[in-house]
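First comes the structure, then the notes that go with it.
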Amino acid sequence: MGGSAYLGEFEQLVLAAVLRLKDEAYGASIIHEIAEETGRRVPSGSLSVTLDRLEAKGLLRSKMGKPEPNRGGRPKRFVSVTPKGFRAVKETRSALLSLWQGMEARFEDR
C-alpha cells in the first residue's frame, strides 16, 4: 500500500475477523465474530459485497466447502487473508496507531 490507499473501517473489521477465525472464516462466522467483538450488526448482503471486493483487490482468497444438507445442499464459502491482505492490515494498523499515539491524555481531559 505504501501510503496510497488504506483500508476502510468495515474492510478492517472483516479482515481482522477472518484473521481471528483462521480456517473457520465463512459468512456466518464472520458476522458472528464482528457482532460479538464490536456489537455491530452486519447484514449478510453487506458482508458478501465486501468479501467480493476484498477478493477482487487480492486481499482475500476464497474456496468453496462441501455442500451441506443442513444448508439446503449449499456449500460454505471459506475465506482467508492473502499475504497482500495481511500487509494491508498491518500498514493500516500502523498508520492508525501512529495517528493515535499521544492521544490518551486528550481523552482523559474530557
Side-chain angles (χ1 to χ4, degrees):
M1 286 171 71
S4 60
Y6 293 106
L7 298 168
E9 176 201 8
F10 190 58
E11 291 175 327
Q12 291 176 59
L13 292 175
V14 169
L15 289 169
V18 171
L19 286 168
R20 287 174 61 111
L21 291 164
K22 301 176 184 169
D23 294 336
E24 294 300 316
Y26 63 94
S29 69
I30 297 166
I31 288 170
H32 179 76
E33 186 73 15
I34 291 171
E36 282 290 307
E37 296 302 321
T38 69
R40 181 172 176 168
R41 185 182 149 311
V42 177
S44 60
S46 297
L47 177 64
S48 182
V49 168
T50 301
L51 292 175
D52 289 344
R53 183 175 62 248
L54 291 170
E55 189 167 19
K57 289 180 177 182
L59 305 178
L60 281 181
R61 72 174 60 93
S62 67
K63 66 178 180 178
M64 300 306 284
K66 295 179 181 173
E68 297 183 17
N70 63 331
R71 295 174 43 88
R74 294 178 298 121
K76 291 178 183 172
R77 174 187 177 192
F78 290 93
V79 295
S80 59
V81 178
T82 64
K84 180 180 177 182
F86 189 80
R87 283 191 305 276
V89 168
K90 188 175 173 183
E91 288 178 17
T92 299
R93 180 182 178 278
S94 178
L96 288 170
L97 289 174
S98 180
L99 282 170
W100 286 106
Q101 190 171 10
M103 296 284 284
E104 293 83 9
R106 294 198 70 184
F107 290 113
E108 291 172 5
D109 294 342
R110 297 187 186 236

Name all pairs fulfilling the salt bridge (charged side-chain N to carboxylate O under 4.0 Å, His left out) condition that reach into residues 24-33, sequence neighbours left out, sorted by first residue then second.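 Qualifying pairs: R20-E33.
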Side chain to side chain contact (heavy atoms under 4.5 Å, CB included) between L59 and L7: does it pass, once the steps are laid out? CA-CA 10 Å; L59 305 178; L7 298 168; 3.8 Å; yes
Residue pair G73 / P67: nearest heavy atoms and the distance that separates them: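 Nearest heavy atoms, G73 then P67: O-CB, 3.1 Å.
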Indicate the atoms forming the closest heavy-atom contact of G58 with K84, along with that distance.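 Heavy atoms of G58 and K84 come nearest at O-CB, 3.7 Å.
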Set of residues satisfying side-chain contact (heavy atoms from CB on, under 4.5 Å) with respect to [X], sequence neighbours excluded:
X	result
R93	L97
R61	S80, T82, P83
P43	R41, S46

For residues [X] and [Y], determine if any side-chain heavy atom of one lies less than 4.5 Å from a side-chain heavy atom of the other.
X	Y	result
F10	V42	yes
L60	V81	yes
E11	L54	yes
I30	V79	yes

For residues L19 and I34: do they belong to one hydrophobic cluster (side chain heavy atoms under 4.5 Å, members Ile, Leu, Val, Met, Phe, Trp, Tyr)?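 Shared cluster, yes.
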Test: ring-ring contact (aromatic ring centres under 6.0 Å, His included). Region: residues 60-95. Which pairs qualify, not counting sequence neighbours?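 Output for this query lists Y26-F78.
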Starting at OG of S98, measure out to CD of Q101 and round the result to the nearest 0.5 Å.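 The CD atom of Q101 is 6.0 Å from OG of S98, to the nearest 0.5 Å.
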Contacts of type salt bridge (Lys or Arg N to Asp or Glu O under 4.0 Å), residue E36, not counting sequence neighbours: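 Applying salt bridge (Lys or Arg N to Asp or Glu O under 4.0 Å) to E36 gives none.
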Closer than 3.5 angstrom, by distance alone: can the side chain of K76 be matched with the main-chain N or O of E68 as a donor-acceptor pair?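 Such a contact is absent between K76 side chain and E68 backbone.
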Donor-acceptor contact present, side-chain T92 to main-chain A88, <3.5 Å: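 Side chain of T92 to backbone of A88, a donor-acceptor pair under 3.5 Å: yes, one is there.
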